[in-house]
Amino acid sequence: MAKKKWKREESEEKATPAQEMNNKPNNKRKRNNQVFPFGNYRNYYGYRVGRDVEEDPRLRVFKKYWFEGKDCLDIGCNSGVVTVDIAKKYNCGSILGIDIDSDRIEEAYWYLRKVVKMESGEKKHRTDSTVKAAETANSSGQGDTFSSNEGTNGISKDCPPPMKRDLSDIVSFQRENFVQSRPHPDKSFDTILCLSVTKWIHLNWGDDGLITLFSRIWRLLRPGGIFILEPQPWKSYENNRQVSETAKLNYRNILLRPERFQEILLDKIGFRMVEDITSGLSGTKMGFDRPIFAFHK
């Protein structure tokens, strides 16, 4: 696939990998009437986040301890932008993104490679700058002074700072239908995300699919684990009920509407408490101002 440079007309700033993802060339023929029955939209983050935003606003309401050094799962990761950005911002121990669409998984790996390449370039630039500064200090007879400040400027010949893990060692993706796949009894996670996915599971697999989703998440979470849920409102179901015959049928038969999710997760599934973290959310595009909850196992 040919690489296409992103160039702003009014700024010389380089685009972030997320912005390049939104403008990534697509060699497939465009189909005006293409339907995405599982919410597996192409360039989803392009119209959800916008080109002028460097970070998904949802990341700002997440808490660092939910992710730092933890094993995480992102259900319905789409093109992997949030998955990778969480790993980068919060330094996860590991994070796995899964999606029902193999094309979205392919795009997720493309985005991961793009971010890793960019980070590698930035790391090389910092290293070159550090070496140059050390050489300059030594050549000017300031070696002792330079060395005495190494605790604050991070430069040390004898005790180099620990190497930060490469994102490609932390982030992975796989194609999976979470509701219908076979359980993995050997897997467990500290934090599981399900962001704007419940509607699509509900419309495709009904109330039974929703309960299966919640039950499997509960079993996969370790004691004290966190389940981060961003449910779509019922109005959003109405807007998408015509996406397929299955969706139309399930829409008419759904009893467990989104306003009951907290009750189900606390009283039926077994989560011990819930935090509503929506109040700290800002900068979300109109139509995506949805509540976000953190359930504690």
Side-chain angles (χ1 to χ4, degrees), residues 18 21-22 35-49 56-59 62 66-67 71-87 92 94-112 171-184 187 189 191-221 225-233 236-237 239-240 243-244 246-247 250 256 258 261 265 284 287-288 290-295:
M21 166 64 73
N22 297 336
V35 175
F36 299 94
F38 306 109
N40 49 316
Y41 298 109
R42 184 182 299 126
N43 293 332
Y44 171 70
Y45 294 106
Y47 59 81
R48 166 151 195 161
V49 177
D56 191 305
R58 292 173 293 184
L59 268 66
F62 296 161
W66 293 345
F67 303 99
D71 296 319
C72 309
L73 174 66
D74 184 11
I75 300 170
C77 66
N78 197 270
S79 57
V81 173
V82 166
T83 316
V84 174
D85 289 357
I86 285 175
C92 301
S94 70
I95 186 165
L96 169 65
I98 63 173
D99 199 273
I100 197 169
D101 190 336
S102 58
D103 286 342
R104 302 292 82 80
I105 293 300
E106 181 181 338
E107 290 174 356
Y109 271 115
W110 181 92
Y111 178 68
L112 175 60
V171 183
S172 60
F173 297 101
Q174 71 181 38
R175 189 266 175 197
E176 181 177 332
N177 181 334
F178 186 77
V179 172
Q180 295 190 321
S181 63
R182 296 178 61 183
H184 304 286
K187 288 186 178 180
F189 300 92
T191 301
I192 297 179
L193 301 105
C194 188
L195 306 177
S196 288
V197 172
T198 45
K199 172 184 70 178
W200 300 108
I201 289 175
H202 226 164
L203 288 177
N204 282 282
W205 292 282
D207 286 340
D208 288 344
L210 183 80
I211 296 300
T212 297
L213 169 73
F214 290 161
S215 298
R216 288 191 172 182
I217 287 172
W218 166 263
R219 289 195 294 269
L220 284 171
L221 273 176
I226 303 294
F227 170 39
I228 303 172
L229 174 66
E230 180 189 43
Q232 296 100 320
S236 182
Y237 285 62
N239 296 338
N240 293 104
V243 73
S244 69
T246 298
N250 283 326
L256 307 177
F261 289 0
L265 287 162
T284 302
F288 292 99
R290 298 164 180 168
I292 303 179
F293 304 99
F295 291 86

Mark yes or no for whether E176, through its side chain, and I98, through its backbone, hold a donor-acceptor pair below 3.5 Å. no
Heavy-atom distance under 4.5 Å between the side chains of R104 and F173, does that happen here? no
Would the distance check show the side chain of S102 and the main-chain N or O of R175 forming a donor-acceptor pair, the cut-off being under 3.5 Å? no
Listed by chain and number, what are the side-chain hydrogen bond (donor to acceptor under 3.5 Å, both in side chains) partners of N204, not counting sequence neighbours? none
Could you pull out all residues at least two apart from F67 that satisfy ring-ring contact (aromatic ring centres under 6.0 Å, His included)? F62, Y90
For the student: nearest non-hydrogen atoms of D103 and D101, plus distance: N-OD1, 2.8 Å
My understanding is that only one of I95, V84, D99 makes a side chain to side chain contact (heavy atoms under 4.5 Å, CB included) with C77; could you say which? D99
Testing the 3.5 Å rule here: is there a donor-acceptor pair between the side chains of D85 and Y111? yes
In a check of side chain to side chain contact (heavy atoms under 4.5 Å, CB included) between L265 and each of F227, F293, W218, which one passes? F227
Just wondering, do K187 and L220 contact through their side chains at under 4.5 Å, heavy atoms? yes
Residue set satisfying side-chain contact (heavy atoms from CB on, under 4.5 Å) with Q180, at least two apart, ordered chain then number -> N177, W205
Heavy-atom closest pair (I226 atom, A294 atom, distance to 0.1 Å) is CG2-CB, 4.2 Å
Q232 side chain to S196 backbone, donor-acceptor under 3.5 Å: yes
Looking only at heavy atoms, the pair that brings A87 and V171 closest together is CB-CG2, 3.5 Å
Closest non-hydrogen atom pair, L229 against P231: O-CD, 3.6 Å
Does any N or O in the side chain of R216 come within less than 3.5 Å of the main-chain N or O of V179, such that one atom is a donor and the other an acceptor? yes
Are F178 and C194 close enough that some pair of their side-chain heavy atoms sits under 4.5 Å apart? no
What distance separates I192 CD1 from L96 CG, expressed to the nearest 0.5 Å? 10.0 Å
For the residue pair S79 and Y109, establish whether any side-chain heavy-atom pair is separated by less than 4.5 Å. no
